[in-house]
Every structure is written in structure tokens, then in C-alpha cells.
Asker: 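Sending over a structure as C-alpha cells; questions will come in a sec.
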Amino acid sequence: MFKLFSKLVGDSNEKALKDIQPLVDEINNLEPEFEKLSDEELKGVTADYRARYQSGESLDDILPEAFAAVREASRRVVGMRPFDVQMIGGIVLHQGKIAEMRTGEGKTLVATMPAYLNAITGEGAHVITVNDYLAKLHAGWMGNVHHALGITVGCLQNDGSWVFNPDAPLAAGSGEEHNEDDADAAPPVRTPEDNFNAATKQEAYACDITYGTNNEFGFDYLRDNMVEESDRRVQRGRTYAIVDEVDSILIDEARTPLIISGPAKEQGQEYRRFSVLAKRLTPDVHFEIEDKRKTIMLSDEGIAAVERELKVENLYAPENDVLSHFTENAIRAEHVYAKDREYVVQGQEIILVDEFTGRLMTGRRFSDGLHQALEAKEGVRVQRESNTYATITLQNYFRMYDKLSGMTGTAATEAEELDKIYKLEVVDIPTNKPIQRVDLGDFIYMTEEAKWNAIAEKISELHHDGRPVLVGTTSIDKSELLGQLLKKKRVPHNVLNAKQHEREANVVAEAGKAGAVTVATNMAGRGTDIILGGNPDVTTPSDAGWEADHNTIIQKGGLFVLGTERHESRRIDNQLRGRCGRQGDPGETQFFLSTEDDIVRRFGGDKIRGAMNLFRWEADVPIENKMVSRSVETAQTKVEAQNFEIRKYLVDYDDVVNTQRDVIYQLRDKIIDGEDLRPTITEYLEEEVRIIVSERINGGTENYDVDGLFRDLMLVFPTPEGFPTRDAIYDMRPDEAVETFLELIDTIYDKRTGEFGAELLHKLERTIMLRTIDEHWVEHLTSMDNMRQGIGLEAAGQRDPLVAYKRQAFEMFTSLDTTIKSSVARTIFRVALTQQPPPSEAPVTTATKADADVSTQKANAVANQKSIMAGVNSGHGGNQQGGNSLAQVPTHTPEGRKMTRAERRKIERLQRKQSKQDS
């Protein structure tokens with residue numbers, strides 16, 4: 001069956017490549033024609049393509065000429081002529097598929113062609129990378145190609161936004177020092193990162209092509225749906241995207257949704273108190289650790305110990321939920337999460353480390369109080385927790401693009417997930433030259449100590465033989481451990497991990513030189529291109545000298561990639577292997593394992609060690625067994641399947657919220673875009689009136705509660721003016737009463753329009769609706785999150801938690817809809833209009849959550865504008881300026897009779913009660 005499936009997949013891939021080949025031939029045939037064009041003529045073809053597109057031609061019709069134009073511009077401007085296989089990759093990207101291309105095949109150049117073609121529409125193309133460094137590097141480098149074709153390029157960064165300009169003045173300190181008075185002095189060196197002018201985000205997004213990271217694009221989408229003015233939006237749609245390292249972004253990163261949050265209650269002292277408590281508890285005695293999900297379970301002895309310390313009878317009683325939550329977070333921080341593995345300490349900050357790339361995730365924060373628990377553990381300043389203002393998963397963000405594509409060297413192992421979640425097909429692109437890399441079998445040692453000693457010895461041998469070595473480690477502390485071993489052997493080396501990320505470009509440039517030893521975490525497995533002999537643009541002034549070094553290293557066997565441990569994902573291992581063997585170069589890879597490694601233990605490392613002991617196997621002698629290696633890969637496959645289920649679980653639940661989010665955001669767009677809100681608000685008012693009348697006067701007149709009817713209607717209308725008399729109500733049917741009060745809505749609306757003017761009244765309507773929606777939406781998100789965390793208990797009753805979640809979510813959203821409508825209806829006629837000073841700007845953080853909450857930069861929760869809502873002059877004050885101020889209590893009944901003191905006090909109490917409920 002598997003062979004049949006492989007045959008079918010292979011045939012499908014071959015068919016896709018066969019269908020593309022005629023397009024490549026057509027592009028090649030156009031090459032002589034484009035070579036004849038002057039630079040100005042080449043730049044002018046873009047306007048022609050745009051005119052043709054506007055006239056009805058499709059992008060597919062224009063593709064051969066557009067790709068030929070990019071090939072020629074690339075050859076002239078950056079000295080690189082795309083190969084035919086790169087053309088194939090570009091066509092696959094234009095088709096909205098994933099191009100699987102090996103390391104060194106020039107994916108950065110491949111993206112220029114489909115990005116240019118799709119930018120012709122004028123709707124913008126997004127090129128999305130894994131980090132800020134690569135985003136600016138690629139935009140600054142490939143921007144030259146697009147600039148030559150008259151295409152504008154923007155770049156989003158965590159610390160600012162940029163627009164490509166090859167003539168931008170060099171910043172102070174850029175390049176080499178240059179004396180303007182010295183005619184013989186060498187000009188300053190311009191790097192790709194220098195080719196930019198600072199810009200606003202709107203300007204970066206307005207460019208034809210915009211580069212940036214997945215987090216920047218996702219958070220900008222959320223922030224755009226929090227603004228109060230349309231001109232504060234920065235994105236202009238999601239038409240086409242190319243995702244570089246697509247498996248990392250759409251799979252690895254997709255386990256943590258994006259969240260924008262704001263500060264909550266200060267509880268730093270509590271975190272410190274529970275951190276002290278956690279230090280007194282012992283693993284396997286007071287609690288057990290579940291490694292896979294990084295959770296803990298208190299034993300009976302542990303529960304008793306905590307209850308004694310906290311002086312409570314039942315730690316898990318409902319009223320002690322907060323205490324149990326603090327306790328478990330403190331234990332996880334103390335005993336599950338390790339410094340220099342999951343996080344590092346820099347100054348007064350805990351900074352997370354990406355387990356897949358080894359990079360620092362500056363600004364990201366663990367959610368649900370875990371980050372605060374780590375801060376208390378390490379003795380740094382405990383920052384406040386946060387409330388969720390907006391959230392979305394990466395899956396649902398990227399599925400909003402009209403056309404999505406991606407490229408990577410390792411997508412085949414996740415093809416099923418990419419198809420099921422994103423409807424993306426993977427096409428394997430052939431290499432430009434045959435692959436000569438040799439993947440050696442794994443070496444397995446009895447102990448971890450023996451493994452590390454063997455690794456250090458192997459590196460020393462390769463170094464003295466003059467071969468460059470790249471060593472991949474799974475954590476910062478492992479990379480530093482190996483660094484210490486190499487120092488003892490006097491082997492010069494570079495350690496590249498999240499602590500030295502600013503040195504990355506220079507270290508990687510040197511990594512291919514003869515005898516170079518580079519020890520790196522997984523960050524060296526993404527977006528890096530190690531050139532044998534070193535990067536000639538950076539390391540060797542003489543091309544001839546570089547070529548000699550390059551040839552010498554090739555003769556010795558090329559770059560040797562040594563893995564110190566298998567990762568739980570085969571893709572990460574394959575990425576590391578892929579660092580060598582670029583463009584037909586030779587290379588070797590090998591993994592050194594021990595029976596004490598996590599992944600080996602999962603499939604029976606203890607049994608292997610027992611067998612080695614039985615045969616009195618020497619600790620420093622490895623075994624090389626294909627069956628064991630296959631077992632490791634089987635364990636990796638199972639872990640990958642588990643992680644897929646976790647991500648699928650995440651997206652299944654977010655799909656429910658996503659439907660609700662679309663409704664809320666569409667309503668906000670309608671408000672912000674300046675639509676006439678009177679019909680919508682009138683509908684809310686009419687619905688509220690109908691509900692009140694149906695509740696108070698239904699059935700026979702003997703059941704009419706006219707006093708209650710008037711009291712409730714006074715929460716909608718500012719005065720009883722225009723109300724029918726009590727006796728008149730008794731003479732009406734409910735439907736007649738409804739029509740009577742509905743007529744008052746238009747009367748009062750017209751009156752307020754005359755009093756305030758249409759423009760000011762529209763501002764009032766917009767402000768009330770936005771604030772009401774945002775306030776209740778934030779509360780709803782918190783309630784949904786709390787509900788989701790506890791919904792798993794439904795399984796104990798043999799019920800599907802997802803089905804239960806959908807049912808409860810529907811009920812909660814129905815309630816939210818009713819609450820928003822009622823709140824608007826009870827506010828719109830009961831507010832005064834005055835000019836207020838602008839409200840203070842509350843800090844809002846952007847965050848990812850699941851394992852992490854992120855805070856990438858500050859945003860404003862409320863637009864900085866003058867408030868038009870001041871004191872509430874009537875019954876509903878809970879949600880507006882003026883706190884709990886009450887309506888002015890009427891002095892007369894609707895019939896004109898003067899109210900008694902008791903009647904006025906009764907209405908006053910009811911209004912206080914209603915105000916409290918609304919707030």
C-alpha cells in the first residue's frame with residue numbers, strides 16, 4: 001500500500017513538473033528579446049503588464065514575459081541569472097502551492113518572480129520570513145531587482161518600518177569609514193540592510209511588495225481591528241503571500257496563537273510567595289512531571305504539604321482555584337522549565353528561546369501566569385499579567401489570504417498537515433545539480449558523557465584535517481557544554497546560539513572556511529547558506545584565493561555536519577543535514593546519540609543500555625545499528641503525529657472563535673468606515689422595546705405590569721415625555737403598545753439630530769458602538785478561554801469536548817449579541833455631549849499564546865482623540881464616562897400625577913440595581 005501511495009505521489013509530482021516545463025521553455029525563448037532592452041525599457045515593461053491586466057488579461061497570460069523580465073533584471077542588477085529549476089519553483093509559488101527546494105538552491109531569488117507577477121495587480125504581495133534579520137536582508141538584496149522593474153518594496157520590522165531606496169544615505173557607522181577629502185580612499189561598503197528609508201507602516205504596506213515576519217503581519221491585522229479611525233489601519237488586504245520556511249511558520253510557529261493583551265491586576269508578591277513554596281517541594285515525592293506536555297500532578301503528600309503551608313482545608317475547592325493555579329505554575333517554573341534551555345535571563349527580563357531555531361524570542365511571554373512564575377523564580381522584576389484584547393491563530397490568519405504559497409527544504413514529512421489545514425499541495429523541485437551529500441549512520445553511545453567526549457574528539461580530527469565542521473545542538477546549555485570541551489582540546493571554534501544572535505551573519509560567513517568549527521543551536525538550520533571556503537564577499541578579498549580554498553575543501557569531502565541529538569521532528573534533523581551539499585558540493589552528515597537522550601529513551605533506550613551492559617560493551621565504543629536508527633525515526637513519527645493533533649486541536653477550537661471574530665470585526669469595519677449607523681441602532685432600539693413590552697404586558701390585561709413597563713422603558717428613553725397614559729396602556733393590545741413606543745424612537749432621534757447636528761451625533765453613535773463592542777468582546781474572549789480550558793472534563797461524561805465547546809460558544813455569542821444590542825439601546829439616548837481631555841493611553845501588548853504570551857511592542861487600546869462622551873445624564877452609566885451616575889428620577893408619572901417620595905425612591909433603587917448590572 002505504501003509503495004502504491006508513493007508511486008501515486010511520485011506520479012503527481014512528475015505530472016506537475018511536466019505541466020510547468022512548457023512555460024519554462026517559453027520564458028527561455030523570450031530571453032534574447034529581453035536582453036536587447038535598455039534599462040529604461042526594461043523598467044517600463046511593468047506599466048505595460050499592468051495595463052494588460054487592467055484590460056482583462058490574467059496573470060497566467062502575463063507570466064512568461066514577467067518571469068523573463070525578472071530574470072533579466074536579476075542578471076543585470078545582482079549578477080544572478082535564475083536557473084530553470086528556480087523558474088519552476090517560482091511558477092509553483094504563483095500557482096498557490098509549496099515548492100520544496102533543497103538548501104543552496106536559491107529560494108530567496110525564486111521568490112522575486114512570483115512576487116513581481118502578483119504585484120502587477122496593484123493589490124500588494126507579501127513575502128513572509130522567519131525573523132526580522134532575514135526580512136530586511138532579503139528585502140534589501142532582492143529589492144534591487146524589483147526596483148529595476150519599477151516595483152516598490154517595503155519592509156516591516158519589530159522596531160520600525162522601511163521602504164527600499166538604493167540611494168538612501170548611509171547611517172553613521174555603516175560600512176567602512178570614508179574620508180570625503182581623500183580621492184583615493186575606498187568608498188563606504190553598502191550592505192543590503194542600508195538600502196532603506198524609514199517609513200510608516202501604512203507606507204510599507206502600500207508598497208507593491210512587502211517583506212516581514214509572520215508575527216508582524218498577524219499582529220497588524222489584530223491591531224487594525226482595534227482602531228477607532230479608519231485612517232489608523234495599516235494593512236490594505238491579504239491578496240497573495242509567499243511564506244519562506246513555510247513549515248516553520250505554518251507548522252512550528254502555529255502552535256502558539258497571536259494575542260494582543262493589556263495589563264491586569266498587580267500580583268507580584270503572590271508569585272514570589274509561591275516561588276518560595278515550590279522550592280520546598282520534591283519531584284517524585286510531592287509531584288510528578290509529565291514531560292511531553294510539561295505539566296505537573298501533585299501527589300497526595302504534595303497536596304497535604306501545600307495545604308499546610310497555605311493553611312487551607314482543600315486546595316482544589318472552587319474557592320481556592322487561584323491558590324491551586326499559583327501553586328502549579330510555581331512548581332512548573334521551578335522544576336520543569338530550565339534556564340538556558342527554555343529561557344535566558346538578560347538583566348531584569350526573562351527572554352524565551354525558540355525550541356526549533358534556538359533564537360531568542362524577544363518580547364514573547366508565557367501565558368496564564370507562567371512567565372510571572374519564572375520571573376519570581378529568577379528573582380527579576382515580576383511584570384503584571386494581562387487581559388486578552390484580541391487573538392487569532394496563525395492558521396486562521398494565513399487562511400484569510402486569497403492565495404497562499406510557500407517554500408522550504410523540508411515539507412514532505414508534513415505534507416498531510418499542510419493539505420488538511422491550508423489546502424496547500426507540496427511540489428518537490430529538482431536540484432540544479434545532482435546531490436552529492438552522504439548521510440552516515442547514527443553512532444549510539446551508552447552514556448551521554450561518552451557521547452560528548454566522542455563528539456569533541458571527532459571535531460578535533462576534522463579540524464586538524466582542514467575540513468569545516470558545523471555542529472548542531474538542541475539547546476543553549478548543550479552548545480556551551482561542547483564549547484568547554486573544545487576549549488580543553490584547544491580547538492578554535494565559534495559558538496552560535498541565542499545569546500550571540502547578533503554575531504550570526506559573521507559567524508555563518510566564516511563557517512565554510514578550512515578547519516572552521518561552528519557550534520550552533522537549531523538557529524543555524526534556518527535561512528543560512530554556508531559556502532565552502534567562506535563567503536567571498538565577506539571573508540576573502542581575492543576571488544582566486546577563495547576558489548583555491550573552495551576546491552581544497554571539496555577534495556577533502558566538503559562540510560561535515562554533526563548532530564549531537566535527534567530532534568523530536570524529522571524536519572529539524574533534515575534542515576541540519578541540509579546545511580551541506582549545496583549546489584552539487586560534497587558533504588557528510590552524522591548524528592551522535594546516547595541511550596540517555598530524550599528521543600532514544602522514548603523507544604527503549606534502557607533496553608539498549610541493558611543489552612550493551614550484558615555484552616560488556618565499552619562506554620566509549622559506539623554501536624551503529626540501522627534497526628535502532630529506524631526505531632528513532634519511528635519515535636519521531638509518533639511525536640510528529642502527536643504535535644499535529646495538538647495543532648489541529650488548537651485550530652478546531654479557534655475556528656469556533658474565528659466565526660465569531662468575523663462577525664464582530666465586520667461590524668467594527670462598518671462603524672469605522674463611516675456607514676450610516678442610525679438604521680442599525682434603530683433596529684437595536686426596536687428590539688429592546690419589543691423585549692420590554694413582551695415581558696411586561698403579555699396575556700390578559702390582568703397580567704399587565706404597567707409600572708414595570710414604564711420603569712424599563714425609562715432605561716431606554718430619556719424622559720417619559722410622549723408615553724401614553726396608564727389607562728391608555730390597559731386599552732392596548734401588546735402589538736399596539738409596541739407600535740406606540742416604536743414611534744417615539746424616530747421622534748427622539750430626529751430631536752437629537754436637531755440638537756447636536758448630524759456630524760456630532762454620528763460621532764456619538766460610533767463612539768458608543770465601538771466602546772460597547774470592544775468592552776463586551778474582551779469579556780467574551782476571556783470567558784471563551786476559561787470555558788475552553790475546562791471543556792476537556794466533558795470527556796469524562798462520554799461527550800465530545802469540541803461539540804460541547806461549539807454548543808456553549810454559540811450560546812455565549814448569542815448572549816454577547818443580545819448584551820451589545822441592549823447596551824447600545826440603553827445608552828444612545830441617555831448620554832450628554834461635551835468635550836473631554838483625551839483619555840490616558842493604556843499600554844497594550846502583542847502576544848502569542850498556547851505555550852507563550854508575546855509582547856512585541858506597545859499599541860494603544862483607544863485612539864488618542866477627544867472624547868465626546870462625558871457624564872451620563874440618565875439611567876445607564878456603567879459602560880460610559882461618569883461611572884455609576886444615575887438618571888435623573890422623574891418627578892411626575894406619565895399621566896401627569898406628581899410622584900410620591902416612596903415612588904421616586906423605588907425608581908431610584910431600581911436604577912441603581914440596573915446600573916450595577918450593566919456595569
Side-chain angles (χ1 to χ4, degrees), residues 108 111 115 124-144 146-147 151-166 168-175 190-224 232-236 238 241-245 248-249 253 258 260 346 349 351-352 354 357 359-365 394 397-398 498 501-506 523 526-528 844-848 854-860:
T108 305
H126 297 166
V127 181
I128 299 161
T129 63
V130 292
N131 59 58
D132 276 350
Y133 167 73
L134 290 176
K136 198 167 186 181
L137 176 68
H138 293 172
W141 183 20
M142 295 297 109
N144 290 289
H146 296 304
H147 183 74
I151 291 290
T152 56
V153 175
C155 180
L156 307 174
Q157 298 278 280
N158 186 36
D159 58 355
S161 302
W162 308 84
V163 170
F164 180 84
N165 177 11
L170 289 174
S174 294
R190 177 180 287 274
T191 66
E193 294 95 322
D194 293 323
N195 296 332
F196 292 97
N197 288 333
T200 65
K201 274 201 169 175
Q202 284 95 336
E203 291 169 336
Y205 274 109
C207 290
D208 297 312
I209 299 172
T210 306
Y211 286 77
T213 65
N214 50 293
N215 281 347
E216 283 303 310
F217 283 105
F219 283 132
D220 285 340
Y221 165 73
L222 292 177
R223 283 189 283 260
D224 276 357
R232 290 178 179 269
R233 293 194 190 110
V234 296
Q235 290 188 344
R236 58 187 180 115
R238 287 159 292 281
I242 300 171
V243 183
D244 191 12
E245 304 298 354
S248 175
I249 291 174
E253 292 277 329
L258 305 177
I260 290 184
Q346 287 190 354
E349 281 192 89
I351 300 184
L352 305 184
D354 189 321
T357 66
R359 299 180 191 277
L360 287 183
M361 298 190 291
T362 304
R364 295 199 178 189
R365 293 179 62 79
L394 286 174
Y397 173 73
F398 282 110
H501 67 282
E502 66 278 357
R503 298 174 52 236
E504 179 176 356
N506 290 332
M523 65 194 305
R526 285 289 187 190
T528 53
V844 175
T845 58
T846 49
T848 62
V854 186
S855 176
T856 55
Q857 67 179 42
K858 290 187 176 179
N860 290 329

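Keep in mind that the numbers below use all heavy atoms, side chains included, and drop hydrogens, waters and symmetry copies. Note that this is a predicted model, so its numbers are computed, not measured.
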Asker: Under 4.5 Å between any side-chain heavy atoms of Pro169 and Asn197, yes or no?
Answerer: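 In contact.
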
Asker: Got a second to check how far Lys201's NZ is from Asp220's CG, nearest 0.5 Å?
Answerer: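 Lys201 atom NZ to Asp220 atom CG measures 3.0 Å (nearest 0.5 Å).
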
Asker: Show the numbers, then the answer: is there a side-chain contact (heavy atoms from CB on, under 4.5 Å) between Asn158 and Glu216?
Answerer: CA-CA 7 Å; Asn158 186 36; Glu216 283 303 310; 3.7 Å; yes

Asker: Without swapping roles, check the side chain of Glu349 against the backbone of Gln346 for a donor-acceptor pair under 3.5 Å.
Answerer: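 Flag not set: sc Glu349 to bb Gln346 has no pair under 3.5 Å.
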
Asker: Taking the side chain as C-beta and beyond, is there a heavy-atom pair between Phe164 and Asn144 under 4.5 Å?
Answerer: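 A side-chain contact exists here, since the closest heavy-atom pair is under 4.5 Å.
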
Asker: Do Lys136 and Phe196 touch side chain to side chain, with heavy atoms closer than 4.5 Å?
Answerer: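 Of all side-chain heavy-atom pairs linking Phe196 with Lys136, at least one is under 4.5 Å.
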
Asker: With under 30° as parallel and over 60° as perpendicular, where do the rings of Tyr205 and Phe217 fit, or are they tilted in between?
Answerer: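 If you compare the ring of Tyr205 with that of Phe217, the planes turn out perpendicular.
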
Asker: When you measure from the side chain of Asn214 to the backbone of Ile249, do you find a donor-acceptor pair of N or O atoms at a distance under 3.5 Å?
Answerer: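 Side chain of Asn214 to backbone of Ile249: no pair is present.
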
Asker: What do you reckon, is CD of Gln235 surrounded by more than 12 foreign heavy atoms closer than 6.0 Å?
Answerer: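 Result for CD/Gln235: enclosed.
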
Asker: Any side-chain heavy-atom pair from Phe398 and Val243 closer than 4.5 angstrom?
Answerer: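 Yes, close enough: below the 4.5 Å cut-off.
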
Asker: Do Leu156 and Ser161 touch side chain to side chain, with heavy atoms closer than 4.5 Å?
Answerer: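 SC-SC contact between Leu156 and Ser161 confirmed.
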
Asker: Run the numbers on Val234 and Asp224 for side-chain contact (heavy atoms from CB on, under 4.5 Å), then give the verdict.
Answerer: CA-CA 7 Å; Val234 296; Asp224 276 357; 3.5 Å; yes

Asker: State, with a plain yes or no, whether a side-chain heavy atom of Val127 is found less than 4.5 Å away from one of His138.
Answerer: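 Val127 does not reach His138 side chain to side chain.
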
Asker: Would you say Asp132 and Thr213 make side-chain contact, with heavy atoms under 4.5 Å?
Answerer: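 Yes - at least one pair of side-chain heavy atoms lies under 4.5 Å apart.
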
